[in-house]
*Asks:* 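Take this structure first; my questions come after.
Model, not experiment: these values are computed from the prediction. Every chain is numbered from 1, with letters handed out A, B, ... down the list of sequences.
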There are 2 protein chains.
Amino acid sequence: MSKQKAEKRVFHNNDECPVRNVVAQIGDKWSVLILFALVEGPDRFNSIKSRVVGVSQRMLTQTLRGLEREGYVNRTVYPEVPVRVEYELTGMGRGLVKPLYQLVSWAETHHDEIKRSRQAYDERG
Amino acid sequence: MSKQKAEKRVFHNNDECPVRNVVAQIGDKWSVLILFALVEGPDRFNSIKSRVVGVSQRMLTQTLRGLEREGYVNRTVYPEVPVRVEYELTGMGRGLVKPLYQLVSWAETHHDEIKRSRQAYDERG
DNA sequence: CGGTATCCCGGGCGATACTG
DNA sequence: CAGTATCGCCCGGGATACCG
């Protein structure tokens with residue numbers, strides 16, 4: 001049967017790669033923070049904007065549109081005056097957040113170790 | 001005690017935020033693919049390069065340096081002729097990969113659903 | 001209030017050439 | 001083989017102005 005040692009996997013970086021797909025969507029500056037903000041319940045545009053510190057109007061709109069397109073977020077317009085728009089996680093969005101929490105929890109646990117590693121790396125040039 | 005309803009969390013995007021820290025390092029185009037390639041064992045520069053399809057020499061070097069700085073990857077030089085350089089996951093790197101697998105596993109499970117959501121979104125304009 | 005539209009700069013990143 | 005060095009393009013994303 002061919003070789004004795006298993007061939008090592010090859011990794012592609014395109015639209016058909018689920019790895020790349022998810023990282024491409026949530027790997028930007030704001031997506032994860034916005035998803036986490038919405039975990040606490042539906043929220044309005046300007047409220048999200050004030051809670052996700054530093055996000056510009058342009059990037060908030062753009063990121064929410066992306067998350068909506070992937071199916072992680074629902075957008076609901078209430079035609080009041082003035083208009084009210086609420087964003088909330090979909091079922092799939094809540095599903096995504098779980099492994100994200102695992103990741104972030106890991107990151108928090110190892111935050112100090114990472115900082116020390118950086119410092120050591122920088123010191124030895 | 002202050003308000004009845006809990007205040008919603010505020011999310012920052014800076015170096016002190018573990019959320020941002022981890023996403024900033026692994027959210028780029030190549031880090032996750034390279035980490036996954038190294039799960040299968042130590043590997044040499046050009047071998048990684050051929051397995052992570054599309055990565056340029058420049059970006060592979062740069063990404064590996066970043067992963068090494070965070071403490072996820074070890075770099076070992078064997079002064080043979082020609083020189084051989086091996087990269088391998090550290091203990092922390094192997095630790096990081098676990099929640100990443102959870103995330104990617106989730107992504108693979110929902111890949112079709114996401115694709116359908118995109119299509120629906122694009123069709124309704 | 002919740003967006004678009006436009007301008008513009010810095011940097012991410014690919015291509016290419018060179019090196020120990 | 002495993003990198004650095006340099007150039008240049010593209011575009012992410014901030015700032016600002018305007019709109020339903």
Side-chain angles (χ1 to χ4, degrees), chain A residues 8 11-15 17 20 23-34 37-38 42-70 73-88 121 124-125, chain B residues 8 11-15 17 20 23-34 37-38 42-70 73-88 121 124-125:
Chain A
K8 290 189 169 175
F11 296 86
H12 294 264
N13 181 29
N14 58 40
D15 289 355
C17 171
R20 184 58 201 147
V23 176
Q25 177 53 45
I26 65 160
D28 66 284
K29 256 171 119 173
W30 303 111
S31 287
V32 172
L33 295 172
I34 291 170
L38 292 178
D43 204 357
R44 306 177 58 173
F45 186 88
N46 277 326
S47 173
I48 301 172
K49 184 170 186 310
S50 65
R51 294 171 60 214
V52 179
V53 179
V55 68
S56 67
Q57 200 166 35
R58 181 181 187 278
M59 287 315 295
L60 181 55
T61 303
Q62 188 171 307
T63 307
L64 284 168
R65 294 291 178 276
L67 296 174
E68 191 191 357
R69 180 171 185 267
E70 302 289 292
V73 163
N74 265 335
R75 175 177 184 271
T76 310
V77 181
Y78 298 93
E80 310 165 351
V81 252
V83 66
R84 194 185 58 176
V85 181
E86 279 199 350
Y87 294 89
E88 63 180 341
Y121 183 96
R124 58 173 197 271
Chain B
K8 289 188 170 177
F11 296 86
H12 294 263
N13 182 28
N14 58 41
D15 289 354
C17 171
R20 184 60 201 148
V23 176
Q25 178 52 46
I26 66 160
D28 66 284
K29 258 172 119 173
W30 303 111
S31 288
V32 172
L33 294 173
I34 291 170
L38 291 178
D43 204 359
R44 307 177 57 171
F45 186 87
N46 278 326
S47 173
I48 301 172
K49 185 171 185 308
S50 65
R51 294 171 60 212
V52 178
V53 179
V55 69
S56 67
Q57 199 166 36
R58 182 180 186 279
M59 286 314 297
L60 181 56
T61 302
Q62 189 170 307
T63 307
L64 284 168
R65 293 291 179 276
L67 296 173
E68 190 190 357
R69 179 172 186 265
E70 302 289 291
V73 164
N74 266 335
R75 176 178 185 269
T76 311
V77 181
Y78 298 94
E80 312 164 351
V81 250
V83 66
R84 193 183 55 167
V85 179
E86 279 199 350
Y87 294 89
E88 64 181 340
Y121 184 95
R124 59 173 195 270

*Asks:* When you check the phosphate oxygens OP1 and OP2 of dG3(D), does a side-chain N or O of Tyr87(B) lie under 4.0 Å from one of them?
*Replies:* yes
*Asks:* Tell me which nucleotide among dG3(C), dC1(C), dG14(C) gets nearest to the side chain of Arg58(B).
*Replies:* dG14(C)
*Asks:* Atom CD of Glu86(A) to atom C1' of dC1(C): distance rounded to whole Å?
*Replies:* 13 Å
*Asks:* Please state how far atom CG in Asn13(B) lies from atom P in dG12(D), giving the value in whole angstrom units.
*Replies:* 17 Å
*Asks:* Asp28(B) has an atom CG; how far is it from atom P of dG11(C), in whole Å?
*Replies:* 17 Å
*Asks:* Looking at Arg75(B), I'd like to know whether one of its side-chain N or O atoms comes within less than 4.0 Å of OP1 or OP2 on dA2(D).
*Replies:* no
*Asks:* Go through dG3(C), dG3(D), dG20(D) for me and flag the one nearest to the Phe45(B) side chain.
*Replies:* dG3(D)
*Asks:* Specify the separation, in whole Å, of atom CG of Leu64(A) and atom C1' of dG2(C).
*Replies:* 11 Å
*Asks:* Taking only the side-chain heavy atoms of Met59(A) (C-beta and beyond), determine which of dG20(C), dT4(C), dG14(D) contains the nearest atom.
*Replies:* dG14(D)
*Asks:* Report yes if at least one side-chain N or O of Lys29(A) is closer than 4.0 Å to OP1 or OP2 of dG14(D); otherwise report no.
*Replies:* yes
*Asks:* What are the two closest heavy atoms between Gly27(B) and Val23(A), and how far apart are they?
*Replies:* O-CG1, 3.8 Å
*Asks:* Which heavy atom of Phe45(B) sits nearest to which heavy atom of Leu60(B), and what is that distance?
*Replies:* O-CD2, 3.5 Å
*Asks:* Can you tell me the distance, in whole Å, between the CD1 atom of Ile34(A) and the C1' atom of dG13(D)?
*Replies:* 13 Å
*Asks:* Figure out the CD/P separation between Gln57(A) and dA17(D), and round it to whole Å.
*Replies:* 13 Å
*Asks:* State whether Trp30(B) places a side-chain N or O below 4.0 Å from either non-bridging phosphate oxygen (OP1 or OP2) of dG14(C).
*Replies:* yes
*Asks:* Starting at CG of Leu60(B) and ending at P of dT4(D), how long is that distance when rounded to a whole Å?
*Replies:* 11 Å
*Asks:* Consider the side chain of Thr61(B), meaning its heavy atoms from C-beta on, and name the nucleotide among dG3(C), dG3(D), dC1(D) that approaches it most closely.
*Replies:* dG3(D)
*Asks:* Return the value, rounded to whole Å, for the distance between atom CD of Glu80(A) and atom P of dG2(C).
*Replies:* 10 Å
*Asks:* Provide the closest heavy-atom pair for Gln25(A) versus Ser31(A) in the form atom of the first, atom of the second, distance.
*Replies:* O-OG, 3.0 Å
*Asks:* Testing the basics here: between Arg44(A) and Val83(A), what is the closest heavy-atom pair and its distance to 0.1 Å?
*Replies:* NH2-O, 4.0 Å
*Asks:* Please determine if a side-chain N or O atom of Arg65(A) lies less than 4.0 Å away from the OP1 or OP2 oxygen of dT4(C).
*Replies:* yes
*Asks:* How is Gln62(A) classified with respect to the nucleic acid when contacts are heavy atoms under 4.0 Å: base, sugar-phosphate, or nothing?
*Replies:* nothing
*Asks:* For Ile26(A) and Val32(A), work out which heavy atoms get closest and say how close.
*Replies:* O-CG2, 3.4 Å
